[in-house]
Amino acid sequence: MTPSAERPLLVTGTTGLVGGAVVLELLRRTDADVYCLARDGRDEPAARRVPRLLAGMAGAYGMDDVLDAIRTRCRVLPGDITRPGCGIPEELLPATVDEVWHAAASLKYRERDRAEIDLHNVTGTRNVADLAVRLGARAFDLVSSAYVAGTRTGRMPEEPVPVGCRANNAYESSKMAAEALVSGVPVETVRVLRPGIVIGHSTTLAAPTTAGLYGLVDELAAFRARIEPRLGNYLDHYPLAFLGDPVGTRGSLVCVDTVAAAAVRLSRVGAPGGTYHLTNTEPAYLGRTIEGVLAALGMAAPRWVSDRAELSSIDDALSKRLEFQAPYMLQDKVFDSARTRRYCGEELFTVPLSTERIAEFVTRYVRDRAGEQVEAGRRTVPSV
Ligand SMILES: NC(=O)c1ccc[n+]([C@@H]2O[C@H](COP(=O)([O-])OP(=O)(O)OC[C@H]3O[C@@H](n4cnc5c(N)ncnc54)[C@H](OP(=O)(O)O)[C@@H]3O)[C@@H](O)[C@H]2O)c1
């Protein structure tokens, strides 16, 4: 193998949804070696885990063209971002890197986990930024979230979070703090990349994650399973009521390949430092989203209410389960992405998401999850 003429790149969160997709996109769009920071698994060292998971993602996204590059150009850096120096053994560190994409994070959100969330998302970001500076990086890209918008409603500009902005949960406040922290990182270019809620691949629909929209899918499926022993298939016919506005509440669902393409394109075109919304120009209407999820799960179409008093005891039990999603069903947010589109082009961010299309994404997720459970079951059967 001839060494690449390009300076190497470094990505964190490479076993995750966004970081993994960014690595694959870098392998496709550049000739550089890509250093992949990752934790060891419970039974598998990072050096084996990373290429295995990346190959799985490449297969799921129809990106077989990068399989060779995963073997030849990915260099695994075993580490943990919560530790000083990210816990990477000195002898494994590259002499230098050109750019760092920081996608590792905790997606927990509960108040009781605040210390752990801050350790990962604030201290962890500081450790990765320090590493970037130490390795002479020219650019640092923080994967943040469009939902640093917090409790604000209306049009969100591609600008730093205003002072005094309130967060809905500990996750959002950790991402706000991480954004504030990286604004002072002494490298040439610091970009804050804010994806919307990340869903599967735009063509294969595959989504190796249980977060975001899929967390809602899992909650609804678990709720149905919980009441099935008592009420059978009641939810196939009973329209669950949700507290929210089906047409007046908007958010952003964005495909994972769009996020990865934009994260890499901004770098390739030399976009200046600043804030970028990696969000779909087509807003995700709450009504379409929930209807698509319920349809994919074979559950009745929802009812919408504006007052908690209108919830039945079943609806109320569900709404208590959806404590994370509840504020997003009431807060209308439209993300301005003119700046991102100026550098990345218009077409990348226009992915129409009808109720039927959302149902297709969810159907693929449910099918893949069922397959995983069958696989896990097979693995636990002792071989003779
Ligand atoms: N998913 C979304 O809808 C969404 C939306 C907006 C923004 N984002 C942002 O996008 C970024 C990536 O999210 P994601 O959806 O890809 O999450 P994910 O699939 O859960 O991936 C998180 C990644 O971070 C790694 N990580 C966590 N703690 C670590 C530690 N202490 N040291 C090293 N690595 C660690 C995980 O490694 P392990 O495999 O070892 O756990 C995993 O690779 C995050 O910053 C998130 O806030 C996500």
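If you read the sequence from its start, that first residue is 1, and numbering goes on from there. Basis for what follows: all heavy atoms, side chains included, without hydrogens, waters or symmetry-related copies. Ligands are counted one by one from 1 in listed order, and the atoms in each one are counted from 1 as well. Because the structure is predicted, anything quoted here is derived from the model rather than measured.
- When each atom of ligand 1 is checked for a heavy atom of Thr82 under 4.0 Å away, the hits are 31 (N).
- Remark: the backbone N or O of Val192 is not paired with any side-chain donor or acceptor of Ser144 at under 3.5 angstrom.
- Enclosure of atom CZ in Arg52 by more than 12 non-hydrogen atoms of other residues, nucleotides or ligands within 6.0 angstrom is indicated.
- Of the protein's non-hydrogen atoms, the one nearest atom 23 (C) of ligand 1 is Gly13 CA, 3.7 Å.
- Contacts between Lys175 and ligand 1 below 4.0 angstrom, taking non-hydrogen atoms only, involve the side chain exclusively.
- Shown in contact with Ala105 at under 4.0 Å from a heavy atom are these atoms of ligand 1, numbered in order with element: 22 (C), 24 (O), 27 (C), 44 (C), 45 (O).
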Please tabulate, for side-chain N and O atoms in residues 238-245, each donor-acceptor pair with protein atoms closer than 3.5 Å (sequence neighbours left out).
{"unit_1": "Tyr238", "atom_1": "OH", "unit_2": "Ser312", "atom_2": "OG", "d": "2.8"}
{"unit_1": "Tyr238", "atom_1": "OH", "unit_2": "Asp315", "atom_2": "OD1", "d": "3.1"}
{"unit_1": "Tyr238", "atom_1": "OH", "unit_2": "Asp315", "atom_2": "OD2", "d": "3.1"}
{"unit_1": "Asp245", "atom_1": "OD1", "unit_2": "Val247", "atom_2": "N", "d": "3.2"}
{"unit_1": "Asp245", "atom_1": "OD1", "unit_2": "Gly248", "atom_2": "N", "d": "2.9"}

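- Near Asp80, meaning under 4.0 Å from one of its heavy atoms, ligand 1 places the atoms 30 (C), 31 (N), 32 (N).
- Those atoms of ligand 1 that come under 4.0 Å of a heavy atom in Val143, given as number and element, are 9 (C), 10 (O), 11 (C), 45 (O).
- Considering both main-chain and side-chain atoms, Arg49 comes within under 3.5 Å of ligand 1 through a nitrogen or oxygen pair.
- In the vicinity of His120, heavy-atom distances shorter than 4.0 Å reach the ligand 1 atoms 28 (N), 29 (C), 31 (N).
- In this structure, the side chain of Glu158 engages the main chain of Arg339 through a donor-acceptor pair within 3.5 Å.
- For the residues Ala21, Cys86, Ala104, the heavy atom positioned nearest atom 34 (N) of ligand 1 is part of Ala104.
- Counting protein heavy atoms only, atom 32 (N) of ligand 1 is closest to Ile81 N, 3.0 Å.
- Within ligand 1, counting atoms from 1 as listed, the ones closer than 4.0 Å to a heavy atom of Ser145 are 6 (C), 7 (C).
- Annotation: salt bridge (Lys or Arg N to Asp or Glu O under 4.0 Å) contacts of Arg110 (sequence neighbours excluded): Glu323.
- Checked against the 6.0 Å centroid threshold, Tyr147 and Phe335 count as a close aromatic pair.
- Every atom of ligand 1 is numbered from 1 in the order shown, and the set under 4.0 Å from a heavy atom of Gly196 is 5 (C), 6 (C).
- The nearest heavy-atom contact from the protein to atom 9 (C) of ligand 1 is Ser144 O, 3.5 Å.
- In this structure, Gly124 falls outside the shell of residues with a heavy atom less than 4.0 angstrom from ligand 1.
- Of the protein's non-hydrogen atoms, Ala103 O, 3.2 Å is the one closest to atom 11 (C) of ligand 1.
- Considering only non-hydrogen atoms, atom 41 (O) of ligand 1 lies nearest to Arg39 out of Arg83, Arg42, Arg39.
- Protein heavy atom closest to atom 47 (O) of ligand 1, with residue, atom name and distance, is Tyr171 OH, 2.5 Å.
- Of the charged side-chain nitrogens involved, none lies within less than 4.0 Å of a carboxylate oxygen, so that Asp31 and Arg73 do not count as a salt-bridged pair.
- Taking only nitrogen or oxygen atoms, main chain and side chain alike, Val18 reaches within less than 3.5 Å of ligand 1.
- Near Ile197, meaning under 4.0 Å from any of its heavy atoms, are these atoms of ligand 1: 3 (O).
- The protein heavy atom nearest to atom 42 (C) of ligand 1 is Thr15 OG1, 3.5 Å.
- With respect to Arg369 and Glu372, a salt bridge is recorded, a charged nitrogen being found less than 4.0 Å from a carboxylate O.
- Taking NE2 of His102 as the start and OG1 of Thr125 as the end, the distance is 3.0 Å to the nearest 0.5 Å.
- Residue Gly19 places no N or O, backbone or side chain, under 3.5 Å from any N or O of ligand 1.
- Taking atom 21 (O) of ligand 1 as the reference point, the nearest protein heavy-atom neighbour is Gly16 CA, 3.3 Å.
- Of the N or O atoms in Val198, one or more lie within a sub-3.5 Å distance of an N or O in ligand 1.
- Remark: Lys108 does not engage Glu172 in a salt bridge, criterion side-chain N to carboxylate O under 4.0 Å.
- Residues Arg224 and Met299 meet the side-chain proximity criterion, which asks for heavy atoms closer than 4.5 Å.
- Crowding of Arg152 atom CZ: a count of heavy atoms from other residues, nucleotides or ligands under 6.0 Å exceeding 12.
- Between the side chain of Thr14 and the main chain of Val11, no donor-acceptor pair closer than 3.5 Å is present.
- When hydrogens are left out, the protein atom nearest atom 19 (O) of ligand 1 is Leu17 N, 2.9 Å; that is the closest non-hydrogen contact.
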Carefully, step by step, assess Arg268 and Glu25 under the rule salt bridge (charged side-chain N to carboxylate O under 4.0 Å, His left out).
-> CA-CA 12 Å; Arg268 301 301 282 173; Glu25 187 69 10; over 6 Å; no
